[in-house]
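For reference, the structure discussed in these notes is given below.
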Amino acid sequence: MEYAVEEIRPIDTGKLIKDLKALCGDKHVLTDKSQKLPYIKGYRYGAGEALAMARPGTLLEIWEILKICVEAEEIVIIQAANSGLTCGATPDGNDYDRPIVIVSTMRIDDIHIIDQGKQIIGLPGSTLFGLENKLASYGREPHSVIGSTSIGASIVGGICNNSGGSLVKRGPAYTELSLYAQVNENGELTLINDLGIDLGNTPEEILTNLQNENYTPDQIKFPDKLASDNEYEQRVRDINADTPARFNADPRRLHGASGSAGKIAVFAVRVDTYPAAKRHKVFYVGTNNPDVLWQIRRDILSTFKHLPTTGDYLHRDCYDATKKYSKDNFIVISKMGTGYIPNLFALKRKVDLIAGKFKFLPSKFSDRLMQFLSNFWPNHLPKRMEEFRDLYEHHWVIETSDEAIEESRAYFTEFFKNHDGDFFECTDKEGEKALLHRFVAGSAIGRYHAIHQKKVGPMMSIDVAFPRNEKDWFEKLPPEIDDQLEVKLHYGHLFCHVFHQNYIVKKGADAKALKEELLKTYDGRGAEYPAEHNVGHEYLAKPTLRKFYKQLDPTNAFNPGIGYTSKRKYWK
């Protein structure tokens, strides 16, 4: 659909900032660049400029901010934890046609438990860590585990990005039940209540009643709408399908807030929870032949009555880099718990802000300092993991629960009588460390680059989903590509065939051209990318996503430029 292009009228930015401060309070509207930096710079990539950053304290304040910005024809970027890996919740560059206001939702972190804990309602700043703690007394669990939890990721952010999926039986974050605002084709701000709860008639009533939990069980309806991906286990088990099990542009899972990538302002999502397992056991698998892991994957998915909980792969090079460069993150989580990680990231940002004022201090000073300090800590990995590291190139950490424990034990015992490799059954402590080692692997590439940035070129991260029938899952790159790479770190979710390929290119190499060549190799294999991350400003949004974004945001008022789309009003 095409819309008439209107000329953008001049904006009185002084009045706009004054109005925002009158609404949220002076201390919750940031205009100084040093104060805005944590909000205008991506977790791993990207940065841009914003006129102001507002931190509302209520849902109604968000609504009023949106009204101010829509009236002034400002761009709005809604941001929660800013923990995304593709700079999908920050500005990218300074070539927008209108000023940007970032709205941080992290002060609004309420979680409502409904239906005896079988579902929850997460407000925009609520986190997976908070949800995990809140559900514990109900014997329930959220849809995602420590990978997202440990960096303070938000519930709403996961839904908007269709993210996650390390849990083999649960799939990506998804719901058809949400409450959100959008700007229609006439430039009017509207509130859409698809939450399935009778909260009133006006936006003011709806938002206030929701935040105050001013509704009764009788007002909660159970429409014929999904609050999770109920087909995922079936899809993963279809090992002969020539398409991936999950990917960001999957039209099956683009609905309202789900997959919206910031093109609407989401106030709340309603999602399913899951019964907590009674017993857990981790099996550690090693081999030098990737075909062995391929066979195990097919056997388990096609014959097991009870699937494992997770199954995460780690290549030996990534094992080594994680051991060295993610050591501090590992130690902090193991000693202080995942709840401290958001505070650690906040502290790192403050240290880097202060260090940036002193020219004699290097860039990424906090990374250098933490890396230096981590060298004094003894080896943190279990002896048997280290022995497998020396013996095997490919490592697979498989977590099982309840009935799947015995099924897995019997299978591995028999399988490795006749195949290359071996396994061991982790003690509880070994299992915790094996899982944690895998889940802090994502930070290794950034730390390596921070320490060695003068000697190497840019880093690249590719999040790719291979077809479910792909046998050659382990990457074999053409020499003309491989020769330009300084570092290759591979890890991922092997059952789902979703992999994170992290690279640092050699100094002087053209990273952009190299990435395009890499993506072409994936195109030729029927792969999809990104798999479980937002397209952000790192990937081209494919036609399905572009169409969805334009339907949600016809005037391009929210988060323009996502997926290399237009940054201009009405998608000009």
Side-chain angles (χ1 to χ4, degrees), residues 145-147 150 166-168 277 279-297 299-300 304 307-335 337-338 374-402 404-444 474 489-495 500:
V145 290
I146 193 172
S150 63
S166 65
L167 294 169
V168 181
R279 297 180 296 140
H280 296 270
K281 180 61 67 175
V282 173
F283 295 90
Y284 199 99
V285 175
T287 183
N288 289 309
N289 183 356
D291 287 349
V292 168
L293 300 189
W294 174 79
Q295 186 62 55
I296 293 173
R297 172 184 175 271
D299 288 348
I300 290 176
F304 272 36
L307 289 183
T309 305
T310 63
D312 283 327
Y313 167 78
L314 204 66
H315 184 263
R316 178 191 278 157
D317 290 346
C318 191
Y319 179 107
D320 292 343
T322 303
K323 177 183 175 182
K324 181 175 182 178
Y325 294 106
S326 298
K327 188 176 184 179
D328 52 318
N329 285 339
F330 183 104
I331 293 166
V332 168
I333 294 174
S334 62
K335 299 298 180 184
T338 57
S374 71
N375 292 331
F376 294 98
W377 196 271
N379 186 5
H380 55 291
L381 297 180
K383 181 180 178 181
R384 288 199 288 179
M385 280 178 61
E386 293 287 74
E387 290 172 350
F388 263 48
R389 181 266 164 219
D390 294 337
L391 289 170
Y392 303 116
E393 180 182 358
H394 304 285
H395 298 237
W396 198 4
V397 184
I398 300 177
E399 182 185 12
T400 62
S401 63
D402 297 335
I405 296 174
E406 286 72 29
E407 196 171 6
S408 301
R409 181 185 293 126
Y411 171 80
F412 289 127
T413 300
E414 190 63 30
F415 181 87
F416 281 109
K417 289 179 181 178
N418 302 303
H419 292 86
D420 171 63
D422 202 355
F423 83 102
F424 66 86
E425 189 173 324
C426 295
T427 65
D428 290 347
K429 199 67 177 176
E430 286 174 329
E432 289 174 7
K433 292 193 172 187
L435 291 170
L436 184 52
H437 184 62
R438 156 60 189 93
F439 279 115
V440 297
S443 63
F474 185 68
L489 303 182
H490 300 321
Y491 59 93
H493 316 298
L494 189 51
F495 283 119
H500 304 294

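What you see is a predicted model; the values in this text were computed from it and never measured. Every heavy atom of this structure was used, including side-chain atoms; hydrogens, water molecules and symmetry mates were not.
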Results of side-chain contact (heavy atoms from CB on, under 4.5 Å) for [X] - residues two or more places apart only:
{"X": "Lys429", "answer": "Thr427, Glu432, Lys433"}
{"X": "Asp420", "answer": "Thr287, Asn288, Asn289, Val292"}
{"X": "Lys335", "answer": "Ile331, Trp377"}
{"X": "Ala434", "answer": "Tyr284, Met385, Val397"}

Quick one, [X] and [Y] - any side-chain contact, counting heavy atoms below 4.5 Å?
{"X": "Glu387", "Y": "Phe424", "answer": "no"}
{"X": "Phe416", "Y": "Ile296", "answer": "yes"}
{"X": "Leu435", "Y": "Thr310", "answer": "yes"}

Looking at every non-hydrogen atom in both residues, tell me the closest pair between [X] and [Y] and how far apart they are.
{"X": "Cys318", "Y": "Ala441", "answer": "SG-CB, 4.1 Å"}
{"X": "Val285", "Y": "Leu293", "answer": "CG1-CD2, 3.9 Å"}
{"X": "Val168", "Y": "Gly311", "answer": "CG2-N, 4.2 Å"}
{"X": "Pro290", "Y": "His394", "answer": "CD-NE2, 3.6 Å"}
{"X": "Ala444", "Y": "Ser326", "answer": "N-OG, 3.2 Å"}
{"X": "Lys281", "Y": "Cys426", "answer": "NZ-O, 3.3 Å"}

Query raised in the report: Is the number of heavy atoms from other residues, nucleotides or ligands within 6.0 Å of CG (Asn379) greater than 12?
Result: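 Yes, because the 6.0 Å sphere around CG of Asn379 holds more than 12 heavy atoms from other groups.
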
Partner set under ring-ring contact (aromatic ring centres under 6.0 Å, His included) for [X], not counting sequence neighbours:
{"X": "Phe330", "value": "His380"}
{"X": "His280", "value": "none"}
{"X": "Phe423", "value": "Phe412"}
{"X": "His500", "value": "Tyr491, His493, His533"}

Query raised in the report: Taking the six-membered ring where the residue is Trp, are the ring centres of Tyr319 and His437 under 6.0 Å apart?
Result: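 Tyr319 vs His437: aromatic centres under 6.0 Å.
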
Requested in this report: Determine whether the aromatic ring centres of Phe495 and Trp396 lie less than 6.0 Å apart.
Outcome: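 Phe495 vs Trp396: aromatic centres under 6.0 Å.
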
Measuring from atom [atom1] of [X] to atom [atom2] of [Y], what distance do you get when rounded to the nearest 0.5 angstrom?
{"X": "Trp294", "Y": "Leu494", "atom1": "CH2", "atom2": "CG", "value": "12.0 Å"}
{"X": "Asp402", "Y": "Thr309", "atom1": "CG", "atom2": "OG1", "value": "8.0 Å"}
{"X": "Lys323", "Y": "Leu381", "atom1": "NZ", "atom2": "CG", "value": "6.0 Å"}
{"X": "Phe415", "Y": "Ile300", "atom1": "CZ", "atom2": "CD1", "value": "9.0 Å"}
{"X": "Phe388", "Y": "Arg384", "atom1": "CZ", "atom2": "CZ", "value": "8.0 Å"}
{"X": "Arg279", "Y": "Ser401", "atom1": "CZ", "atom2": "OG", "value": "8.5 Å"}

Query - Sidechain-backbone polar pair: Ser374 side chain, Lys327 backbone, donor-acceptor under 3.5 Å - result: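 Checked: no pair found.
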
**Report entry** Side-chain donor or acceptor of Arg316 paired with backbone N/O of Arg389 under 3.5 Å
**Finding:**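 A pair under 3.5 Å: yes.
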
Contacts of type side-chain hydrogen bond (donor to acceptor under 3.5 Å, both in side chains), residue [X], not counting sequence neighbours:
{"X": "Gln295", "answer": "Asp299"}
{"X": "Glu425", "answer": "Arg409"}
{"X": "Thr400", "answer": "none"}
{"X": "Ser408", "answer": "none"}

